[in-house]
Amino acid sequence: MLEVHQWVAVAVIAVAAVAAAWGGVTYFRRAQASATLGHVLVLVQTLCIAQVALGLLLVGDGRRVDDDLHYVYGTLALLVVLAPWFYAPLDPRRRLAWFAGTSLVAAALAVRAYTTSG
């Protein structure tokens, strides 16, 4: 299960970076967000949820990392990608900026969590 957790971590970083870049380009071009972009943004959230769930299963199995910041960064990444559902404005363009921006922050937090995993 540890190997799956590591592979999902790489997927979170890659998909979040792609979603942030794609969303940012779409926002700055003042274009309409495509349905595919929406799916990629939701995929980031799904991967973060899966990653935290796998991490909790590993902790429940008695596996722990040396650096407790790993848990902080992982939890923050999940909370950041879920925040737009509560706080993003209703305007579609500004909402896209929120989702793309939080995907960028989640990618950075996921990189940090990956580097503190030992």
**Student:** Just grab all the ring pair (Phe, Tyr, Trp, His ring centres under 6.0 Å) pairs involving residues 61-83, residues at least two apart or on different chains.
**Tutor:** none
**Student:** Which distance, rounded to the nearest 0.5 Å, do you find between the CG of Leu56 and the OG1 of Thr75?
**Tutor:** 7.5 Å
**Student:** List for me each residue that meets side-chain contact (heavy atoms from CB on, under 4.5 Å) alongside Pro92, sequence neighbours excluded, and say none if there are none.
**Tutor:** none
**Student:** Are Thr116 and Val72 packed together at the side-chain level, in the sense that at least one heavy-atom pair is separated by less than 4.5 angstrom?
**Tutor:** no
**Student:** Looking only at heavy atoms, what is the nearest atom pair of Ala113 and Gly74, with distance?
**Tutor:** CB-N, 4.0 Å
**Student:** With sequence neighbours left out, what residues match Phe28 under side-chain contact (heavy atoms from CB on, under 4.5 Å)?
**Tutor:** none
**Student:** Measuring from Leu43:CG to Cys48:SG, what's the distance to the nearest 0.5 Å?
**Tutor:** 9.5 Å
**Student:** Can you measure from CG (Leu104) to CG (Leu109) and round to the nearest 0.5 angstrom?
**Tutor:** 9.5 Å
**Student:** Is Val111 reachable from Trp7 through a run of I, L, V, M, F, W or Y residues, each pair having side-chain heavy atoms under 4.5 Å apart?
**Tutor:** no
**Student:** If you take all heavy atoms of Ala107 and Ala16, which pair is closest and at what distance?
**Tutor:** CB-CB, 3.7 Å
**Student:** If every non-hydrogen atom of Thr102 is compared with every non-hydrogen atom of Val81, which pair is closest and at what distance?
**Tutor:** O-CG1, 4.1 Å
**Student:** Got a sec, which residues hit side-chain contact (heavy atoms from CB on, under 4.5 Å) with Ala9, two or more places apart in sequence or on another chain?
**Tutor:** Gln51, Tyr114
**Student:** For Gly23 versus Leu96, what's the shortest heavy-atom pair and its separation?
**Tutor:** O-CD2, 3.9 Å
**Student:** Would you say Leu82 ends up clustered with Val40 if hydrophobic residues are merged whenever their side chains have heavy atoms under 4.5 Å apart, either directly or through other cluster members?
**Tutor:** yes
**Student:** CH2 of Trp22 to CG of Leu37: how many Å apart, nearest 0.5 Å?
**Tutor:** 5.5 Å
**Student:** Rounded to the nearest 0.5 Å, how far does CG of Asp61 lie from CE of Met1?
**Tutor:** 6.0 Å
**Student:** When you group the ILVMFWY residues by side-chain heavy-atom contacts below 4.5 Å and let the links chain together, are Leu57 and Ile49 in the same group?
**Tutor:** yes
**Student:** I'd like to know if Val4 and Leu58 are part of one continuous hydrophobic network [Ile/Leu/Val/Met/Phe/Trp/Tyr, side-chain heavy atoms within less than 4.5 Å].
**Tutor:** yes
**Student:** Surrounding CG of Asp91 (heavy atoms of other residues, nucleotides or ligands, distance under 6.0 Å), is the total greater than 12?
**Tutor:** yes
**Student:** Of all residues at least two apart in sequence or in a different chain, which pass the salt bridge (charged side-chain N to carboxylate O under 4.0 Å, His left out) check with Arg64?
**Tutor:** Asp68
**Student:** Answer yes or no: does atom CZ of Arg63 have more than 12 heavy-atom neighbours from other residues, nucleotides or ligands under 6.0 Å?
**Tutor:** no
**Student:** Would you mind listing every side chain to side chain donor-acceptor pair (under 3.5 Å) that reaches into residues 28-45, with sequence neighbours excluded?
**Tutor:** Gln45-Trp85
**Student:** Around Arg94, counting heavy atoms of other residues, nucleotides and ligands shown, do more than 12 lie under 6.0 Å from its CZ?
**Tutor:** no
**Student:** Which pair of non-hydrogen atoms, one from Ala100 and one from Ala20, has the smallest distance, and what is that distance?
**Tutor:** O-CB, 3.5 Å
**Student:** Find the distance between CG (Leu41) and OG1 (Thr46) and round it off to the nearest 0.5 Å.
**Tutor:** 11.0 Å
**Student:** Side-chain heavy atoms nearer than 4.5 Å, only ILVMFWY residues, links allowed to pass through others: does that put Leu78 and Val8 together?
**Tutor:** yes
**Student:** So which heavy atom on Pro84 is nearest to which on Trp98, and how close?
**Tutor:** CG-O, 4.0 Å
